[in-house]
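What follows is one structure encoded as structure tokens, with my remarks underneath.
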Protein chains: 2
Amino acid sequence: MFQALADPSRRIMVERLSRGPASVSELARPLTMSLPAVVQHLQVLEASGLVRSEKVGRVRTCHIDWAALKTAEDWMLERRKNWELRLDRLGDFLAEQEKG
Amino acid sequence: MFQALADPSRRIMVERLSRGPASVSELARPLTMSLPAVVQHLQVLEASGLVRSEKVGRVRTCHIDWAALKTAEDWMLERRKNWELRLDRLGDFLAEQEKG
DNA sequence: TGATTGGTTAAGCATATACTTAAGTATTGC
DNA sequence: GCAATACTTAAGTATATGCTTAACCAATCA
């Protein structure tokens with residue numbers, strides 16, 4: 001997931017998809033690269049679980065899997081919470097010191 | 001930043017640092033690779049701004065830059081908010097339809 | 001039916017990444 | 001001072017990544 005978000009082009013694609021579903025060529029429009037390259041990025045995003053797509057007729061429509069995005073967000077939140085807990089315990093300890 | 005978090009070894013390092021500062025060899029302990037490899041990962045983390053370190057005597061002490069971690073978290077939150085806003089507008093639209 | 005649109009497959013290539021080992025350089029403890 | 005500790009530097013290598021072009025397939029439309 002972080003791997004998938006590591007590339008700037010892929011982040012542009014995710015950014016676009018965060019505003020709603022889009023076809024492959026719509027995703028390609030703002031990017032200065034060939035269509036196959038865009039499809040390869042799309043494959044990375046799909047493999048990571050961040051994006052899903054269905055093909056209807058000849059157009060493939062892509063959209064974000066919001067639960068997956070939240071997973072990455074939560075990982076970081078978890079680290080931050082860990083830290084805040086630590087600060088709290090330090091605070092308690094210092095308060096104990098004060099009293100004692 | 002996402003690039004930095006893309007590697008599992010580096011995430012282990014960040015995980016460790018989220019529990020408090022650590023020296024280079026402490027960071028290396030759980031990892032099955034040479035010390036220079038760990039230092040290279042550390043350089044990536046520092047370059048991304050996620051981690052900082054100071055050397056005192058012969059030991060380098062590393063710690064997370066929490067503001068930087070929050071930046072990545074916020075990027076994802078921003079995408080989610082975008083989406084929720086869209087859902088809200090859709091909701092409003094449907095409510096309008098209902099009324100009209 | 002034949003051109004166009006939208007996407008896919010395959011092959012190849014240049015650069016980046018994630019390591020390795022070997023050989024340093026400072027501190028610190030005895 | 002001498003050894004151990006805690007890195008640091010340098011050089012090399014294998015694999016992964018991010019592209020490219022060329023050729024292909026399948027749905028649409030004039």
Side-chain angles (χ1 to χ4, degrees), chain A residues 1-65 68-69 72 75-76, chain B residues 1-65 68-69 72 75-76:
Chain A
M1 288 242 347
F2 287 115
Q3 182 63 270
L5 288 172
D7 184 87
S9 302
R10 284 197 293 266
R11 278 199 302 276
I12 289 173
M13 292 168 75
V14 168
E15 179 115 52
R16 169 63 191 81
L17 290 175
S18 80
R19 293 195 290 273
S23 71
V24 174
S25 24
E26 271 180 299
L27 287 180
R29 194 137 32 221
L31 302 172
T32 61
M33 65 179 75
S34 68
L35 200 66
V38 173
V39 172
Q40 281 166 37
H41 280 307
L42 188 57
Q43 280 163 1
V44 174
L45 286 170
E46 293 210 51
S48 81
L50 263 175
V51 168
R52 302 228 223 142
S53 71
E54 299 86 35
K55 195 167 181 174
V56 174
R58 63 183 171 182
V59 36
R60 176 173 294 281
T61 305
C62 315
H63 58 93
I64 292 191
D65 184 328
L69 186 63
W75 186 89
M76 296 194 267
Chain B
M1 287 243 346
F2 286 115
Q3 182 64 271
L5 288 172
D7 184 87
S9 303
R10 285 198 291 266
R11 278 199 302 275
I12 290 175
M13 292 170 75
V14 168
E15 178 114 53
R16 169 63 191 82
L17 289 175
S18 79
R19 293 196 291 274
S23 71
V24 174
S25 25
E26 271 180 297
L27 288 179
R29 194 138 31 220
L31 302 172
T32 62
M33 65 179 76
S34 67
L35 199 67
V38 173
V39 173
Q40 281 165 38
H41 280 305
L42 187 59
Q43 281 163 1
V44 173
L45 286 169
E46 293 210 52
S48 80
L50 263 175
V51 169
R52 303 229 223 142
S53 72
E54 300 85 36
K55 194 165 184 176
V56 175
R58 63 184 169 180
V59 33
R60 174 172 296 280
T61 303
C62 313
H63 57 95
I64 292 191
D65 183 328
L69 186 63
W75 186 88
M76 296 195 267

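Chain naming here is simple, since letters A, B, ... match the order of the sequence lines and numbering starts at 1 in each.
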Each nucleotide N or O in nucleotides 25-30 of chain D that has a protein N or O under 3.5 Å away: list the pair and distance.
residue: D:dA27; atom: N3; partner: A:R58; partner atom: NH1; Å: 2.9

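Taking 4.5 Å as the limit, every side-chain heavy atom of A:R16 sits out of range of all side-chain heavy atoms of A:R29. In this structure, B:R60 and B:E54 have side chains that are not in contact, with every pair of non-hydrogen atoms separated by 4.5 Å or more. Within the 4.5 Å cutoff, no side-chain heavy atoms of A:M1 are placed close to those of A:W75.
When the side-chain hydrogen bond (donor to acceptor under 3.5 Å, both in side chains) test is applied to A:Q43, no partner is found at least two apart in sequence or on another chain. Not counting sequence neighbours, the partners of A:P30 by the side-chain contact (heavy atoms from CB on, under 4.5 Å) test are A:I12. By the side-chain contact (heavy atoms from CB on, under 4.5 Å) test, B:S9 pairs with B:D7, B:L31, B:M33, B:H41, sequence neighbours left out. Take B:R19 and apply the side-chain hydrogen bond (donor to acceptor under 3.5 Å, both in side chains) test, not counting sequence neighbours, and it matches no residue. For A:A28, the side-chain contact (heavy atoms from CB on, under 4.5 Å) test picks out A:L35, A:V38, with sequence neighbours left out. In terms of the side-chain hydrogen bond (donor to acceptor under 3.5 Å, both in side chains) criterion, residue partners of B:E15 (sequence neighbours excluded) are, by chain and number, A:R79. Applying the side-chain contact (heavy atoms from CB on, under 4.5 Å) criterion to B:T61, with sequence neighbours excluded, gives B:P21, B:V59.
For the pair B:R52 (side chain) and B:H63 (backbone), a donor-acceptor distance under 3.5 Å is absent. Side-chain N or O atoms of B:R10 include one that pairs as donor or acceptor with a backbone N or O of B:Q3 at under 3.5 Å.
We find the CG-CE distance between A:L42 and A:M13 to be 5.0 Å, quoted to the nearest 0.5 Å. Note that SG of B:C62 is 9.5 Å distant from CD of B:E26, once rounded to the nearest 0.5 Å.
Listed by residue number, there are no residues of residues 7-18 of chain B with a heavy-atom contact under 4.0 Å to DNA chain D. Annotation: proximity of residues 19-45 of chain A to DNA chain D (heavy atom, distance under 4.0 Å) is found for A:M33, A:S34, A:P36, A:A37, A:Q40, A:H41, numbered in ascending order.
The span of DNA chain C lying next to chain B, judged by atoms under 4.0 Å from heavy atoms, is bounded 5' to 3' by C:dT17 to C:dT28.
Screening A:L5, A:L17, A:D65, A:V44 against A:L50 for a side chain to side chain contact (heavy atoms under 4.5 Å, CB included) leaves a single residue, A:L5.
Direction change of the helix axis from one end of the helix from C:dT1-D:dA30 to C:dC30-D:dG1 to the other is 20°, with five pairs defining each end axis (rounded to 10°).
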